[in-house]
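Numbers restart at 1 for each chain; the letters A, B, ... are given by sequence-line order, proteins then strands.
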2 protein chains.
Amino acid sequence: MSLASDRARPAAAGKPTLYKRIRLDIETRILTGEWPPGHRIPFEHQLMARYRCSRMTVNKALSELAQADLIERRRRAGTFVRRPQHLSAVLKIADIRAEITALGRSYGYQLIDCRRRTATSADRARLGMSTAGKVIAIACRHSADDVPFAVEDRLIDLSTVPEAATADFAREPPGSWLLHHVPWTEAEHTISAVLADDHTAKALDIAVGAPCLVIDRYTWRSARTVTAVRLHYPGETHRLVARFKGG
Amino acid sequence: MSLASDRARPAAAGKPTLYKRIRLDIETRILTGEWPPGHRIPFEHQLMARYRCSRMTVNKALSELAQADLIERRRRAGTFVRRPQHLSAVLKIADIRAEITALGRSYGYQLIDCRRRTATSADRARLGMSTAGKVIAIACRHSADDVPFAVEDRLIDLSTVPEAATADFAREPPGSWLLHHVPWTEAEHTISAVLADDHTAKALDIAVGAPCLVIDRYTWRSARTVTAVRLHYPGETHRLVARFKGG
DNA sequence: TTGACTTATATGTCTAGACATATAATCGTG
DNA sequence: CACGATTATATGTCTAGACATATAAGTCAA
């Protein structure tokens, strides 16, 4: 018998912990194709023997790989390399101010229009409001190094976010304000391409009929809609980048 | 002292396991805003007492929440609700055939052009090839209910995927073939908007100058490029939808 | 006041077991 | 051979500890 300390890894010089090493070993074998989809990974007790550790340690490594959908675990049958099903890419849509400053460019913001009103039927439809209520409608523009970057057309539901009534959207972009005042939301983005209409072309300083990338974002929180926003980007200069891993 | 069986949850009628219950409890408090960003979550030993369980059980729940970036754990300081940093959305870019059939529409495929050649310098630049080699260049079209859905312009690096030389791309779309023959790749997508040129307009049966959504996808596997593909979608009818949670 | 040292503490990892449970495989029976 | 009952087994969850480690907080001297 050995005491815990006998096996407890001494964390020597930058060496990762044992379960992380196991996880990386297996992940590498999968990603290089050495263990192709469908391949059965050694049983937990075999990995225990190979790495000279307890089952919980092996289990922790395998659990994390299962959470990441790299492997599938079936009782009695064993653990198998998954066949990647869907190409899911992670699209990072940052706060526009953060996005621009991250590029090392200077961020500019202009409020074009901001009005508070009782929701019209069009507003209610856009926000999915079932009852009457107040909203804030905002039009604004973001620029990078004084070049128009995107125009924004937003509606905020004041019955969900009453504090928004006191925010100063002339000073702070509504996206940033919401990000810091309404935590942990869910959202749906729809991306499409359109031609710049008269109004958009003027705001973005591009030609009428130039291509624009449009992002529609609906944000909600515990089944209550927070905001609906439509962003127009100049389609020839702006790009959305999504990276992904796994199939 | 109690034996393991005393505490071991009896898995009664559909009740989730204890660590999952702990995880859900905490997640709910965060998502509803009861515990706002920056709030310190009870220490592990407090949660042990509250749920009458061992530290490992609490730890498993907290570890999973930390992996999902909902909380941040700091030694000696405690565990805190994270302030969501970036709006990361999961964009599911399915195999086009799967996407269309999932919509309940009939999938159609036409190979426009397929040729095998020694990589030109343009090919090498597009694929990031450092040495000479053979490639396959493919142009094809996907349609839904006989309406053009997307046109595809693809390059496959035969030195990475030699089996592709024997595939029949007149019968099977190259995307599907690659998905089933080259597991566990990584990729980067770039999304932009352009105007349809003459060639694209004809293939998609839309007007020249109509807006198009363009997806450029580079796929690689263990530092070797597999394929580069550019997809044009009619911008006014096609939409990319990305859902996300947390921020 | 500031900087260096010490201490307390919460998390990080690990062990050697235990019982629970789903299910693949086997066995029996008609 | 078909089908239901039994068994074996791999994973799922949990325990009651242990030592490791980073670091916030407190202590003390210059």
Completion exercise
Ranking C/dT13, D/dC14, D/dT13 by distance to the side chain of B/Lys20, first place goes to D/dT13
Problem - side-chain hydrogen bond (donor to acceptor under 3.5 Å, both in side chains) between A/Arg224 and A/Ser159, intermediate numbers included - result: CA-CA 9 Å; A/Arg224 294 191 61 93; A/Ser159 56; 3.3 Å; yes
Practice task
Please state how far atom NE2 in B/His45 lies from atom P in D/dG17, giving the value in whole angstrom units.
Solution key: 16 Å
Exercise for the section: Using only side-chain N and O atoms of A/Arg55, determine if any of them is under 4.0 Å from OP1 or OP2 of C/dA16. Expected result: no
Exercise for the section: Classify the side chain of A/Arg76 and the base of C/dA24 as holding, or not holding, a donor-acceptor pair under 3.5 Å. Expected result: yes
Handout entry: Salt-bridge contact A/Glu99-A/Arg105 (side-chain N to carboxylate O under 4.0 Å)
Key = no
Exercise for the section: Find the distance A/Tyr51:OH to C/dT13:C1' and express it as a whole number of Å. Expected result: 17 Å
Fill in the blank from the handout: From the list A/Thr185, A/Thr227, A/Thr219, side-chain contact (heavy atoms from CB on, under 4.5 Å) with A/Leu178 holds only for A/Thr227
Exercise for the section: Look at A/Ser54 and C/dG17 and indicate whether a side-chain polar atom (N or O) is within less than 4.0 Å of OP1 or OP2. Expected result: no
Exercise for the section: Give the rounded distance in Å between these two atoms: CD1 of B/Ile22 and C1' of D/dG12. Expected result: 15 Å
Problem - Nearest-nucleotide 5' precedence on DNA chain D, A/Asn59 against A/Ala77 - result: A/Ala77
Handout entry: Salt bridge present between B/Arg73 and B/Glu44 (N-O < 4.0 angstrom)
Key = yes
Problem - d(CZ, B/Arg52; P, D/dC14) in whole Å - result: 16 Å
Practice task
Compare side-chain N and O positions of B/Thr79 against OP1 and OP2 of C/dA10 and report whether any pair is under 4.0 Å apart.
Solution key: no
Completion exercise
Whichever of A/Ser63 and B/Arg75 has the more 5' nearest nucleotide on DNA chain D, that residue is A/Ser63
Handout entry: Minimum-distance pair of heavy atoms, taken over all atoms of B/Arg154 and B/Gly175
Key = NH2-CA, 3.5 Å
Problem - Between C/dT13 (P) and B/Gln67 (CD): distance, integer Å - result: 11 Å
Completion exercise
Separation of C/dA8 atom P from B/Phe43 atom CZ, nearest Å, is 17 Å
Handout entry: For atom CG of A/Leu47 and atom P of D/dA10, their distance in whole Å
Key = 12 Å
Handout entry: Base of C/dG12 paired with side chain of B/Arg74 (donor-acceptor, under 3.5 Å)
Key = no
Completion exercise
To the nearest angstrom, the CZ-P distance between B/Arg73 and C/dT9 comes to 18 Å
Exercise for the section: Return the 5'-most residue of the pair A/Met56, B/Gly78 with respect to DNA chain C, ranking by each residue's nearest nucleotide. Expected result: B/Gly78
